[in-house]
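Order of appearance sets the numbers: ligands from 1, and atoms from 1 within every ligand. When reading the values below, keep in mind they use all heavy atoms of this one structure, side chains included, and skip hydrogens, waters and symmetry mates.
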Amino acid sequence: MTRHLGLPVVDLGRLDGGGGSTSDIARAIRSACETAGFFYLDGHGVDARIIADAFEANRRFHALPMARKQAVASNRWHRGYLGFGDAKLKSSARYAPARQANRLESFFVRHEVEEDDPDFRSGKPLQGPNQWPDDAFFKEAVSAYDKALRRLGMRLLPVLSLAIGEEAGFLARHFAPPSTALRLNHYPPAEPTPEDDVFGSHPHTDYGFLTLLAQDAIGGLEIETTDGSWHPVPCREGAFVVNIGDIFARWTNDVFNSTRHRVVTPAGGRDRYSIAYFFDPNLDTFIECLPAFQGGEARYQPIRFVDYFAERLDANYSRRDAEPDGGSDAS
Ligand SMILES: O=C(O)CCC(=O)C(=O)O
Ligand SMILES: [Fe+2]
């Protein structure tokens with residue numbers, strides 16, 4: 001029997017005349033990141049209507065006939081539809097490869113890159129156009145969600161800067177602009193007699209900086225504690241589940257935990273929907289162990305975010321057509 005951990009709750013609303021100071025909130029975030037690596041975010045200011053519409057768009061898209069979804073199949077900039085079986089964890093430095101593909105389908109929207117952008121013209125990885133299904137409501141709802149979550153990510157930067165012991169403006173220079181990925185996930189119900197090693201999403205850590213997750217009430221997300229046991233992260237009404245990814249952990253010399261998590265396939269014949277928003281640094285930024293965390297020595301070499309990211313995508317994921325894909329934890 002898994003036990004619900006009772007993750008810390010951080011209330012950003014306390015900053016808006018709610019009697020909290022930025023440094024109180026930074027302390028709470030630091031403590032959460034040094035332990036669970038996950039917390040619930042309340043008082044985030046994202047309108048409930050925007051979240052509900054994005055879930056409606058998620059359901060509507062995944063209910064389309066497969067041919068219409070395949071018409072916007074993930075392009076080489078990792079934007080678009082990733083079908084069942086397209087995201088199989090191939091290998092990982094830290095964990096055994098998965099034997100079965102993840103039982104989910106997703107739609108990815110990343111930061112907008114116009115076709116006249118010099119990055120696009122020069123063929124830089126991940127810098128290309130989004131694709132949209134032929135549905136005006138979908139584009140409007142998903143764009144509104146993307147914009148709101150990007151704003152929230154930017155709003156968190158001063159408090160996260162304080163949480164890593166830097167001045168409030170420190171992180172902003174690494175996010176000018178950020179790279180982002182919005183992933184609409186659909187997990188179909190479990191088979192009556194599932195095979196071994198089948199998950200909605202296999203145990204993984206997220207690649208990037210910060211993940212902000214909205215989930216429905218079905219449940220299935222679980223996180224691993226240091227003793228190797230798994231614990232559910234139930235839906236908390238109105239809150240985002242926030243976790244830090246590998247690049248944030250790397251910045252802190254692994255003082256902050258990028259915690260392994262997974263999604264078990266939904267029981268009871270029900271479908272599960274979630275929306276993950278991966279909020280990551282600018283592709284050109286250098287990630288190098290922060291002085292405050294160097295202690296003995298830095299565990300990782302400095303790396304340009306785009307190089308790190310492209311390497312993670314290429315090393316860890318395969319698609320049926322052998323092109324690297326957006327992967328379960330790709331952000
Ligand atoms: O759907 C979820 O609850 C989690 C998804 C996830 O871990 C991911 O997309 O990286
Ligand atoms: Fe994840």
Side-chain angles (χ1 to χ4, degrees), residues 2 4-5 7 33 36-41 51 54-55 58-59 61-62 74 78-84 86-89 92 94-95 98 101-110 145-146 149 153 179-190 198-224 230-236 239-249 256-267 270-280 309 312-313 316-317 325-331:
T2 48
H4 170 206
L5 279 178
L7 289 178
C33 293
F38 272 73
F39 57 90
Y40 289 112
L41 186 67
I51 300 173
F55 271 92
N58 189 357
R59 275 187 291 271
F61 174 77
H62 289 295
S74 185
H78 305 279
R79 288 156 166 86
Y81 174 66
L82 204 64
F84 296 104
D86 286 350
K88 180 168 175 178
L89 196 60
S92 156
R94 286 155 85 183
Y95 309 113
N102 286 332
R103 256 180 80 76
L104 89 161
E105 54 179 345
S106 308
F107 186 83
F108 278 91
V109 175
R110 292 179 187 268
Y145 189 88
D146 186 55
L149 270 282
S179 43
T180 66
L182 191 167
R183 182 177 191 178
L184 301 168
N185 295 315
H186 167 224
Y187 301 87
V198 171
F199 286 95
S201 183
H202 275 83
H204 67 276
T205 55
D206 292 345
Y207 296 169
F209 181 72
L210 204 69
T211 307
L212 298 139
L213 179 87
Q215 55 172 337
D216 65 17
I218 299 292
L221 175 63
E222 298 183 346
I223 64 172
E224 190 184 35
W230 290 92
H231 305 267
V233 179
C235 175
R236 178 179 166 89
F240 289 111
V241 176
V242 180
N243 66 284
I244 70 158
D246 297 345
I247 206 73
F248 197 177
F256 282 20
N257 284 316
S258 173
T259 300
R260 212 147 72 116
H261 52 285
R262 68 185 184 187
V263 177
V264 298
T265 49
R270 291 183 302 177
D271 295 82
R272 175 176 188 263
Y273 295 87
S274 71
I275 308 175
Y277 190 78
F278 302 99
F279 184 71
D280 294 336
F309 199 83
R312 289 290 301 260
L313 282 179
N316 289 334
Y317 286 88
D325 74 29
S328 155
D329 50 353
S331 51

Taking 4.0 angstrom as the limit and counting only heavy atoms of [X], give me the atoms of ligand 1 inside it, by number and element.
{"X": "H261", "result": "7 (O)"}
{"X": "Y187", "result": "1 (O), 2 (C), 4 (C), 5 (C)"}
{"X": "V263", "result": "1 (O), 2 (C), 3 (O), 4 (C)"}
{"X": "S274", "result": "1 (O), 2 (C)"}

### Task
Measure from the Fe ion (ligand 2) to every N/O/S atom of H204 and report the name of the nearest one.
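That would be atom NE2.
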### Message
With carbon and hydrogen excluded and only N/O/S kept, which atom of D206 is nearest the Fe ion (ligand 2)?
### Response
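Result: OD1.
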### Check: N185/S274 side-chain N/O donor and acceptor closer than 3.5 Å
yes
### Task
Compute whether any side-chain donor of one residue and acceptor of the other, for S106 and R183, lie under 3.5 angstrom apart.
yes
### Task
For this output row, return yes or no: ring centroids of Y81 and F108 closer than 6.0 angstrom.
no
### Task
Answer yes if the ring centres of F248 and F209 are under 6.0 angstrom apart, and no otherwise.
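Yes, the ring of F248 comes within the 6.0 Å limit of the ring of F209, centre to centre.
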### Task
May I ask you to test the H261-H204 pair for a side-chain heavy-atom distance under 4.5 Å?
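A side-chain contact exists here, since the closest heavy-atom pair is under 4.5 Å.
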### Query
Could a heavy atom of Q215 be found less than 4.0 Å from some atom of ligand 1?
no
### Task
Check whether any heavy atom of R272 sits under 4.0 Å from an atom of ligand 1.
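For ligand 1, residue contact (heavy atoms, under 4.0 Å) with R272 is present.
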How does [X] reach ligand 1, by side chain, by backbone, by both or by neither, if only non-hydrogen atoms under 4.0 Å count?
{"X": "F278", "answer": "side chain"}
{"X": "D206", "answer": "side chain"}
{"X": "L213", "answer": "side chain"}

#### Entry: Euclidean distance, L213 CG relative to N243 CG, rounded to 0.5 Å
8.0 Å
### Query
Does S201, backbone or side chain, put an N or O under 3.5 Å from an N or O of ligand 1?
no
### Message
Can you classify the ring geometry of F279 versus Y277 as parallel (below 30°), tilted (30 to 60°) or perpendicular (above 60°)?
### Response
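Because their plane-to-plane angle is under 30°, the rings of F279 and Y277 count as parallel.
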#### Entry: Residues in ring-ring contact (aromatic ring centres under 6.0 Å, His included) contact with H62, at least two apart in sequence or another chain
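By the ring-ring contact (aromatic ring centres under 6.0 Å, His included) rule, H62 matches H186.
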